Amino acid sequence: MRVAVVAGTGGSALLCELAEDGSRPDDPVHVNDLSAAVAHYERCGQVRWVWASGAASYPALLRAGQRVARCHDVALAGRLLVGRDGQARADGQPGGAVTGPAPDRAASQAAQETLFEPADAAAPDLAGLLDALVTTHADQLRRIAADEHPARFALLVAAESAGGLVAAEMTSAGLPWRADVHDSLLAGLLGPRPPSVPAGARPARLAELAAQIDEAFGGRRVNPDSPGQLIRAFAADGVRVPSTRFSVLRDVDHPAARLLIEYKELARLHAANGWAWLDSWVSGGRFRPEYVVGGVVSGRWASRGGGALQIPKVLRRAVVADPGWVLVVADAAQLEPRVLAALAGDRAFAEAAAGGDLYLALAGAFGGDRAKAKVALLSAMYGGAGGEAGQLLGVLRRRFPLASQYVESAAQAGQEGHVVRSVLGRTCPPPSAQWRSLTEESGDPESSRDPGAGAASRARGRFTRNFVVQASAADWALVLLAGLRRRLAMISIPNGDVGAGPPTQSRDPAAAWAQGPHLVFFQHDEVIVHCPEPVVEPVLAAIREVGEEAGRLVFGATPVRFPLTTAVVNCYADAK
DNA sequence: GGTCGGGGCGCG
DNA sequence: AAAGCGCGCCCCGACC
């Protein structure tokens, strides 16, 4: 059953049960306590909540201690559909439509605008919002059903919506983070925490390195954070460097180069994940970033604040399970090449991907050299062709023609300005107007074409080449995540067996759902479950099952396996 | 005083 | 010569 919901003020809401096609047979019901109403429906059986945006609605429910099992997130679904159908343009020009404009879009367009325009917070027109929600949702169901592969697209919408639930829950639960461990890590590398005044004071080790760098430039004062100043300082010593990035400095013969490499590494840690980061982002033993579901065009997540998806490996030492709990870290091994194998239906390739080390299985085609197999595959997926890669690509093309053709035709489509789609139907953005005008063939073949046109065209080819793989891998990961979330919720905790339990001050007392094993991190092809020790086994079993299930749901019958490596650890740093 | 693009680098 | 994809965040320096 689907139930549409719009939240009112003070925990109230307007609800309405929907028919299968999304139509509304009954009048809406006003409830004073939404979380109680949600609890009631969740107890009674299978309900899918239809709401405008989980990111907007779900955190309040979680704060009230209430979880939902399933939802249809109209905002997330709408983005997937807009990506597929192209944005209708007011000027009547085609907007990159894939399947042509749907008839009678005007009404649903108006409903959507009502739904997402800023409402009057003091006196929201709940009935109007619910109408708009129900109309938009029904329109979405029709458009999903009209997809070339409706079941796949419906799976994508369901998984994306579930992603919205996971994201809110992970923010609420937080990633266990030991501020004391982080602090001593920083102190060990940078020196003790400098006093907050004067602001911007360098920690001891950085100040020392900066002084040594000045000295290495013969006493010239140089700001080591300024690439421009550094390039000029090197030039003054007769060393010409095109930039000051690591790969350049590594090969520079000057006493400052080595110091700069060390300085940059530590300065980066200090700036991005130093004490200021710790103060802003970690509280009560938890790091609580905000995740942006579908924030990357490929369907990968992005994050807002705290750089949650770029936590440096050295800081994994600070990610420690609560007493009586462990971290179960699961990582999809060689996900993207396996996804390519499944996408392309290349039999020889797929059989190599049936298990174990994929690159090793393919090494035979490359004279037994695993490293060469890896370079060839990464080049095929990323569009690299420099150096040795070109020749290895030739080998790949001969031995695994279908896998090669799959990415080649995606690249060609992109170069020609077309869009491409992931296995479940996420669509890449169309080229910009600027790209179109740049790459357009001029009517006069003799007139010189913009020299940037070829480069722009090839760049888009690399983007679409990579998109089909990266976005399909994201499809798989999202389905995995949704399935794992569902399974974790079904694991019950042996009563009173949860060790000392987590420090109570670090946990939201209402978060009863976080008393059991729950997701605390998701990074593209890797998840972390914070898990009470007594239920490690069922959690590992759930991970095994869901890995199988995700491959089957997303790719259907394929010999390709998507193995998950798991580690049960107290500290994230020990997982690899 | 603020914004914005580029350089650089963290993650996958 | 350009040079493998996708992000977020920091700092700098140019600019308003």
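Letters go in sequence order (proteins before strands), and every chain restarts at 1. None of the values given here were measured: they were computed from a predicted structure.
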For this session: Check A:Leu175, A:Val319, A:Val527 against A:Phe521 for a side chain to side chain contact (heavy atoms under 4.5 Å, CB included) and give me the one that passes.
Result: A:Leu175
Exercise. Is the distance from OP1 or OP2 of B:dG12 to the nearest side-chain N or O of A:Lys313 less than 4.0 Å?
Worked result: yes
Seminar exercise, completed: Given protein heavy atoms under 4.0 Å, the one-letter contact record of nucleotides 1-6 of chain B, with B base, S sugar-phosphate only and - none, is simply ------
Exercise. Side-chain contact, heavy-atom cut-off 4.5 Å: A:Val241 with A:His254?
Worked result: no
For this session: Figure out the CD/P separation between A:Gln523 and C:dG6, and round it to whole Å.
Result: 18 Å
Exercise. Closest heavy-atom contact between A:Val297 and A:Pro429?
Worked result: CG1-CG, 3.5 Å
Exercise. Near DNA chain C, under 4.0 Å by heavy atom, which residues of residues 207-228 of chain A?
Worked result: A:Asn223, A:Asp225, A:Ser226
Exercise. Heavy-atom contacts under 4.0 Å between residues 289-310 of chain A and DNA chain B, which residues?
Worked result: A:Arg300, A:Leu309, A:Gln310
Exercise. Is the closest side-chain heavy-atom distance between A:Leu484 and A:Val529 below 4.5 Å?
Worked result: yes
Problem set entry | Check against side-chain contact (heavy atoms from CB on, under 4.5 Å), A:Asp73 and A:Glu160 | CA-CA 8 Å; A:Asp73 189 309; A:Glu160 189 91 332; over 6 Å; no
For this session: Enumerate the residues from residues 388-414 of chain A whose closest heavy atom to DNA chain B is under 4.0 Å, giving them by residue number; use none for an empty result.
Result: none
Problem set entry | From A:Arg485 atom CZ to A:Leu519 atom CG, the distance as rounded to the nearest 0.5 Å | 9.0 Å
Exercise. Would A:Glu548 and A:Arg487 pass as an ion pair if we require N to O under 4.0 Å?
Worked result: no
Problem set entry | Side-chain donor/acceptor of A:Gln415 to backbone N/O of A:Gly461, under 3.5 Å | no
Seminar exercise, completed: Sequence neighbours excluded, the answer for ring-ring contact (aromatic ring centres under 6.0 Å, His included) partners of A:Tyr359 is none
Problem set entry | Shortest non-hydrogen contact from A:Phe349 toward A:Pro337 | CE2-O, 3.6 Å
Exercise. Any stems for DNA chain C, made of 3 or more Watson-Crick or G-U pairs in a row, each with both distances under 3.5 Å?
Worked result: B:1-12 with C:5-16
Seminar exercise, completed: side-chain contact (heavy atoms from CB on, under 4.5 Å) filter on A:Ala573, not counting sequence neighbours, yields A:Arg316, A:Arg317, A:Cys571
For this session: May I have the step-by-step check of salt bridge (Lys or Arg N to Asp or Glu O under 4.0 Å) for A:Arg370 and A:Asp357, ending in yes or no?
Result: CA-CA 10 Å; A:Arg370 182 186 182 279; A:Asp357 182 335; 2.8 Å; yes
For this session: List the steps and the verdict of side-chain contact (heavy atoms from CB on, under 4.5 Å) for A:Gln523 and A:Ile311.
Result: CA-CA 10 Å; A:Gln523 186 176 33; A:Ile311 298 168; over 6 Å; no
Exercise. Does the A:Thr464 side chain pair with the main chain of A:Phe467, one donor and one acceptor, at a distance under 3.5 Å?
Worked result: no
For this session: Kindly say whether A:Val554 contributes a backbone atom to a donor-acceptor pair with the side chain of A:Trp476 at under 3.5 angstrom?
Result: no
Problem set entry | Under 3.5 Å: donor-acceptor pair, side chain of A:Ser404, backbone of A:Phe400 | yes
Exercise. Are there more than 12 heavy atoms of other residues, nucleotides or ligands under 6.0 Å from atom CD of A:Glu265?
Worked result: no
Distance-only donor-acceptor hits, side chain of residues 266-277 of chain A, under 3.5 Å, sequence neighbours excluded:
residue	atom	partner	partner atom	Å
A:Trp275	NE1	A:Asp183	OD1	2.6
A:Trp277	NE1	A:Gly306	O	2.9

Exercise. Can you tell me how far P of C:dC7 sits from NE2 of A:His524, to the nearest Å?
Worked result: 10 Å
For this session: Check A:Ala233 against A:Val222 and note the closest heavy-atom contact, atom names and distance.
Result: CB-CG2, 3.8 Å
Exercise. Between A:Phe555 and A:Phe562, does the ring centre distance come in under 6.0 Å?
Worked result: yes
Problem set entry | Nucleotide B:dG10, atom C1' - distance to CZ of A:Arg316 in whole Å | 11 Å
For this session: Describe the nucleic acid contact of A:Glu336 in one word from base, sugar-phosphate, nothing, applying a heavy-atom distance below 4.0 Å.
Result: nothing
Exercise. Does a side-chain N-to-carboxylate-O contact under 4.0 Å join A:Arg460 and A:Glu416?
Worked result: no
For this session: Could you check whether the rings of A:His518 and A:His530 sit parallel, tilted or perpendicular, using 30° and 60° as the cut-offs?
Result: perpendicular
Table of protein N/O atoms under 3.5 Å from nucleotides 14-16 of chain C N/O atoms:
none

Exercise. Which part of the nucleic acid, if any, lies within reach of A:Ile311 when heavy atoms closer than 4.0 Å are counted: base, sugar-phosphate only, or nothing?
Worked result: sugar-phosphate
Seminar exercise, completed: A:Trp281 CH2 to C:dG8 C1', in whole Å, measures 12 Å
Exercise. Near DNA chain C, under 4.0 Å by heavy atom, which residues of residues 364-371 of chain A?
Worked result: none
For this session: Run the numbers on A:Leu278 and A:Trp177 for side-chain contact (heavy atoms from CB on, under 4.5 Å), then give the verdict.
Result: CA-CA 10 Å; A:Leu278 195 49; A:Trp177 197 281; 4.0 Å; yes
Problem set entry | Gap between atoms CD and C1', on A:Gln229 and C:dC11 respectively (whole Å) | 12 Å
Seminar exercise, completed: Ordered by number, residues from residues 232-270 of chain A within less than 4.0 Å of DNA chain C (heavy atoms) are A:Arg268
Problem set entry | A:Phe287 CZ to C:dG8 P, straight-line distance once rounded to whole Å | 14 Å
Exercise. Is the backbone N or O of A:Val469 less than 3.5 Å from a side-chain atom of A:Ser472, with the two atoms forming a donor-acceptor pair by type?
Worked result: no
Exercise. What interatomic distance, in whole Å, is found between P of B:dG6 and the corresponding atom of C:dA3?
Worked result: 15 Å
Exercise. Looking at A:Asp525 and A:Arg338, does any basic side-chain N land under 4.0 Å from a carboxylate oxygen?
Worked result: no
Exercise. Under 3.5 Å, is there a donor-acceptor pair between the side chain of A:Gln334 and the main chain of A:Leu358?
Worked result: yes
Exercise. Which residues, if any, of residues 458-481 of chain A bring a heavy atom under 4.0 Å of DNA chain C?
Worked result: A:Arg462, A:Phe463, A:Asn466, A:Gln470
